[in-house]
Structures are given as C-alpha cells and as structure tokens.
Amino acid sequence: MKYTESCAQPFLCSNTAVEMSLKGHAELCRARFLTKLEQALIFGLMEEVRTTPKPGLVDLADNGAHRDMCYDTFVSSTRAITPYLTAMGALGYDFDGASDVLFPHLRCLGAEAEKAMFAATEGVNTHKGAIFSLGLLAAGIGYLFRRKGFFSAGELFELCSAAATPWLEKDFEEMRCRQPVTHGEKLFAQYGFRGIRGEALDGFPALRCVGLPALAKANRTQPCANSAQLFILLTLMAQVEDTNILNRAGPSALNQVQAEAQQFIADFAVIDNHALSALAEMNRRFIEQNISPGGCADLLAASLFLGRLEEAGILRLI
C-alpha cells in the first residue's frame, strides 16, 4: 500500500495523543508530589508547636520564655510561609540546571517567605530559621524526586550541602570582613558558631546524626506521638549548639541546657506523667532565665517533616 498523507494522519494524531497523555501524567505526578510535600510541611510545623510541654518554647500550655508570640502566632505564621516553602519544592522539581545554581533562586523565595511571615505575625520572627532549613530541604526533595522517584535522606543531605556550599562559604568569608549586624553574624564573630547555615553547609548533621535517629527510636519506645516528639526535642537539646539559646542567654546557658537535657534522657527512658512534670519544672526555670531552644524546635519540625515524607513513600530516612 502506498504511503500517503491520509495514511500518515492517524499515526500523527496517535503520537500527539500519546504525548498529551504523557504530559498529563507528568503534571498529575507533579501535583500529587507537591500536595504531599505541602501536607508534610504543615504537619512538621504544626506538630512542633503542638508538642507540650516544651521547655522555654511556645506550646499549647503557655508561651515559654517568649513575650511577643503565642500558639496562634505560630498558626498564622505557618499559614503564611507554607505556600512559599511548597514553591521552593516546586522550584527544585522543575529545575533543569546543576544543583548549585538552584540556591540563589531559593534565597529570593526565602526573602518573600520572611516578608509574609512578618506581615502575618506583626513583625515577630517565628520561623526565620525554619524557612531557611525547610526551604532548602523542600527544594532538594523536589530536585531528587523528579529524577529518582525515591531516595534516601543521606542523598538529600548531600545534595543540599552541594547546592548551598559555594554560596554559604562566600557568606562566611564576607562575614569575616565586615562588622556583624544580625544575631547570627554576631554569634559567628564572637564565638564562631555558624548556626543553621553551618548545618546546611555540613549536610545537616543535627538531623542526620541526632534528629532522625531520635525519631526512629522514639517511634519504637514512646507511648504516644506527643511523648515521641518531646523525646526528639530533648535529644536535640542535649547535643545541638543552639544559637537561639546563645543569643538570648549566652554560652553558660547553652551548657546548662545540654546538661539538663542529657540528665532528663538518662532519667526518663519513657516520657510518662512523671517526665511531663519534670519538663514543666524545666520550663519554669527556662522562663525565669529567658532560655528558648528555638533552633532545636526548628530541627524537631524538620525531623517530623522528613518522617511524614517517609510515610508518604517519597524518601527513606535510614
């Protein structure tokens, strides 16, 4: 049979239909991924603030050592920043360049997220550190998920470090050559503590070596979700150099918090009613001393965020 235009037309239409079908499937996969990502972000942020009682931190019982924020402030902040964090995940998913080219684009979205946060909270900094860490993690998750479909937390941390390192090393170099302005810059100049930027540069060791192992252990040993989340927080407090504590109360307070958290974990393998009473007393002392382990709270949120994504089948933690 002679090949004619009329014979070719159905073939061309069929190809177009296949392409449209594939495009529709890809768009559906992207939408489903972003929905799971958004749900995990909300879960991590909201479960962090709902965990009670948290020493020195805002929770369902009180405002901790804070006079300018409460539970409702965190609810408003979460609503304001979640669309931007999800957009960072979408940016990573859609990005076709090398990972280290991605980071400056994330900073633009991060700045917009901070503006939305301050507008929602009337100028209160509830989630600035979380915007940085969760935004970078969300972008890395999007970047890897589109390319691999399933991956490990270790691969995610390596990618985030590779993406951020050139830019963060430049940040630290510039900080060494100018007068410090922000709290983070002052702590770096005075003590050499690098905060969440150092965490990202090193591949999130506080999550990799502390938060996620604590999450796995807590899920095996604790009687309920609240107890599990308190166990993760106290484990982080025992080991992490929390710059929020340093900024508010100094190095001696950081040493105190780490020692108290270590002793608490030694005393209470299971967080029961007796443990909750001990935490309430710790909270009272922290309020008196103006101590707030806000950096550890952000890491708790990040740990819960990643744990929820493992449940959704997007990554594996170990």
Side-chain angles (χ1 to χ4, degrees), residues 37-66 68-82 84-86 113-114 117 120-121 124-138 141 153 195-196 199 204 206-207 210-219 222 224-240 242-245 257 261 271 276 279-280 282-283 286 291-312 317:
L37 183 75
E38 181 182 47
Q39 291 171 344
L41 286 163
I42 294 170
F43 177 82
L45 290 166
M46 289 307 304
E47 283 303 302
E48 181 278 311
V49 73
R50 288 174 182 146
T51 302
T52 303
K54 298 193 302 293
L57 294 162
V58 174
D59 57 27
L60 293 172
D62 59 41
N63 301 339
H66 298 274
D68 58 349
M69 62 182 77
C70 64
Y71 175 82
D72 289 340
T73 316
F74 277 81
V75 174
S76 298
S77 180
T78 297
R79 287 173 179 161
I81 68 173
T82 298
Y84 294 92
L85 298 175
T86 306
E114 287 184 15
M117 174 192 72
T121 62
V124 177
N125 175 13
T126 44
H127 285 125
K128 190 172 181 179
I131 289 170
F132 180 91
S133 55
L134 291 176
L136 178 57
L137 290 168
I141 290 162
I196 192 59
E199 272 291 308
F204 291 101
L207 289 175
V210 185
L212 296 187
L215 172 65
K217 183 175 182 180
N219 287 338
Q222 299 304 318
C224 65
N226 187 65
S227 294
Q229 289 159 201
L230 286 168
F231 177 84
I232 299 164
L233 176 66
L234 270 292
T235 304
L236 288 162
M237 288 167 54
Q239 300 184 52
V240 171
D242 191 323
T243 53
N244 197 55
I245 298 172
V257 168
I271 299 183
L276 294 179
L279 285 175
M282 190 187 297
N283 180 50
F286 283 15
I291 293 172
S292 173
C296 292
D298 289 343
L299 292 167
L300 169 61
S303 299
L304 298 175
F305 162 63
L306 294 174
R308 181 50 60 101
L309 287 176
E310 182 179 54
E311 293 175 9
L317 297 183

Colleague: Donor-acceptor check, side chain of Ser77 to backbone of Thr73, threshold 3.5 angstrom: yes or no?
Modeller: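 Not at all, since once roles are kept as given, no pair shorter than 3.5 Å links the two residues.
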Colleague: What are the two closest non-hydrogen atoms of Met46 and Val75, and how far apart are they?
Modeller: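 In this case the closest contact between Met46 and Val75 is CE-CG2, 3.7 Å.
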Colleague: Tell me, please, which residues at least two apart from Thr235 pass side chain to side chain contact (heavy atoms under 4.5 Å, CB included).
Modeller: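 Checked Thr235 against side chain to side chain contact (heavy atoms under 4.5 Å, CB included); matches are Val210, Ala214, Phe231, Gln239, Ile265.
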Colleague: I'd like to know if the side chain of Glu199 and the backbone of Ala206 have a donor-acceptor N/O pair within less than 3.5 Å.
Modeller: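 Checking the backbone N and O of Ala206 against the side chain of Glu199, a donor-acceptor pair under 3.5 Å is found.
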Colleague: Check the pair Phe132 / Asp298 against side chain to side chain contact (heavy atoms under 4.5 Å, CB included), numbers first and verdict last.
Modeller: CA-CA 10 Å; Phe132 180 91; Asp298 289 343; over 6 Å; no
Colleague: Quick check: closest heavy atoms across Ala218 and Ala228, and the distance to 0.1 Å?
Modeller: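 It is CB-O, 3.6 Å.
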Colleague: Is any side-chain heavy atom of Leu279 closer than 4.5 Å to one of Pro55?
Modeller: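 Of all side-chain heavy-atom pairs linking Leu279 with Pro55, at least one is under 4.5 Å.
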Colleague: Can you name the residues that form a side chain to side chain contact (heavy atoms under 4.5 Å, CB included) with Leu215, not counting sequence neighbours?
Modeller: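 For Leu215 the side chain to side chain contact (heavy atoms under 4.5 Å, CB included) partners, ignoring immediate neighbours, are Leu212, Asn219, Ile232, Leu304, Leu317.
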Colleague: Side chain to side chain contact (heavy atoms under 4.5 Å, CB included) with Glu38: which residues, sequence neighbours excluded?
Modeller: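 Glu38 satisfies side chain to side chain contact (heavy atoms under 4.5 Å, CB included) with Ile42, Thr82, Thr86 only.
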Colleague: With sequence neighbours excluded, what pairs up with Glu48 under the salt bridge (Lys or Arg N to Asp or Glu O under 4.0 Å) test?
Modeller: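 For Glu48, the residues satisfying salt bridge (Lys or Arg N to Asp or Glu O under 4.0 Å) (neighbours in sequence not counted) are Lys54.
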Colleague: For a quick test of reading the model, state the closest non-hydrogen atom pair linking Asn244 to Gly295 and the distance between them.
Modeller: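 Closest heavy-atom pair between Asn244 and Gly295: CB-N, 3.9 Å.
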Colleague: Is there a side-chain contact between Leu309 and Leu37, using heavy atoms and a 4.5 Å cut-off?
Modeller: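 Side chain of Leu309 against side chain of Leu37, heavy atoms only: contact under 4.5 Å found.
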Colleague: Which residues satisfy the salt bridge (Lys or Arg N to Asp or Glu O under 4.0 Å) test with Glu47, sequence neighbours excluded?
Modeller: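 Scan of Glu47 (salt bridge (Lys or Arg N to Asp or Glu O under 4.0 Å), adjacent residues dropped) gives Arg50.
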Colleague: What closest approach, in Å, do Asn63 and Met69 show between heavy atoms, and which atom pair accounts for it?
Modeller: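 Smallest heavy-atom distance, with atoms named: CG-O, 3.3 Å.
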Colleague: Can you check side chain to side chain contact (heavy atoms under 4.5 Å, CB included) on Leu134 and Leu45, steps first, answer last?
Modeller: CA-CA 10 Å; Leu134 291 176; Leu45 290 166; 3.7 Å; yes
Colleague: Would Asp59 and Thr51 satisfy side chain to side chain contact (heavy atoms under 4.5 Å, CB included), going step by step from the backbone distance to the final call?
Modeller: CA-CA 6 Å; Asp59 57 27; Thr51 302; over 6 Å; no
Colleague: Does the side chain of Ile141 come within less than 4.5 Å of Phe305's, by heavy atoms?
Modeller: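 Counting from C-beta outward, Phe305 and Ile141 do come under 4.5 Å.
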Colleague: Using 0.5 Å steps for rounding, measure from the SG atom of Cys224 to the CG atom of Asn226.
Modeller: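 Here the interatomic distance stands at 5.5 Å.
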Colleague: Quick one: which of Asp62, Leu230, Leu60 gives a side-chain contact (heavy atoms from CB on, under 4.5 Å) with Pro53?
Modeller: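 Testing each of Asp62, Leu230, Leu60 against Pro53, the sole residue satisfying side-chain contact (heavy atoms from CB on, under 4.5 Å) is Leu230.
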Colleague: Closer than 3.5 angstrom, by distance alone: can the side chain of Ser76 be matched with the main-chain N or O of Ala120 as a donor-acceptor pair?
Modeller: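 Not a single qualifying donor-acceptor pair exists.
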Colleague: Taking all non-hydrogen atoms of both residues into account, name the closest pair between Thr52 and Leu276 and its distance.
Modeller: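 Looking at all heavy atoms of both residues, the shortest contact is O-CD2, 4.3 Å.
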Colleague: With side chain to side chain contact (heavy atoms under 4.5 Å, CB included) as the test, would you mind laying out the steps for Leu57 and Leu233 before giving the verdict?
Modeller: CA-CA 11 Å; Leu57 294 162; Leu233 176 66; 4.1 Å; yes
Colleague: Is the backbone of Gly56 close enough, under 3.5 Å, to the side chain of Asn283 for a donor and an acceptor to pair up by distance?
Modeller: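 Yes, because the side chain of Asn283 sits within donor-acceptor range (under 3.5 Å) of the backbone of Gly56.
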Colleague: Are side-chain heavy atoms of Tyr84 and Glu114 found at a separation under 4.5 Å?
Modeller: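 They are not in side-chain contact.
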Colleague: Is the side chain of Asp242 donor-acceptor paired with the backbone N or O of Met237 at a distance under 3.5 Å, no angle test?
Modeller: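 Side chain of Asp242 to backbone of Met237, a donor-acceptor pair under 3.5 Å: no, none is there.
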Colleague: Do the non-hydrogen side-chain atoms of Thr126 and Met117 ever get within less than 4.5 Å of each other?
Modeller: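 The answer is yes; the side chains approach within 4.5 Å.
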Colleague: Rounded to the nearest 0.5 Å, what separates atom CD1 in Ile291 from atom CE in Met282?
Modeller: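 Spacing of CD1 (Ile291) from CE (Met282) equals 10.0 Å.
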Colleague: Minimum heavy-atom separation for Ile245 to Ser292, with atom names?
Modeller: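 It is CG1-O, 3.7 Å.
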Colleague: With sequence neighbours excluded, what pairs up with Ala216 under the side chain to side chain contact (heavy atoms under 4.5 Å, CB included) test?
Modeller: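 Result, side chain to side chain contact (heavy atoms under 4.5 Å, CB included) vs Ala216: Arg220.
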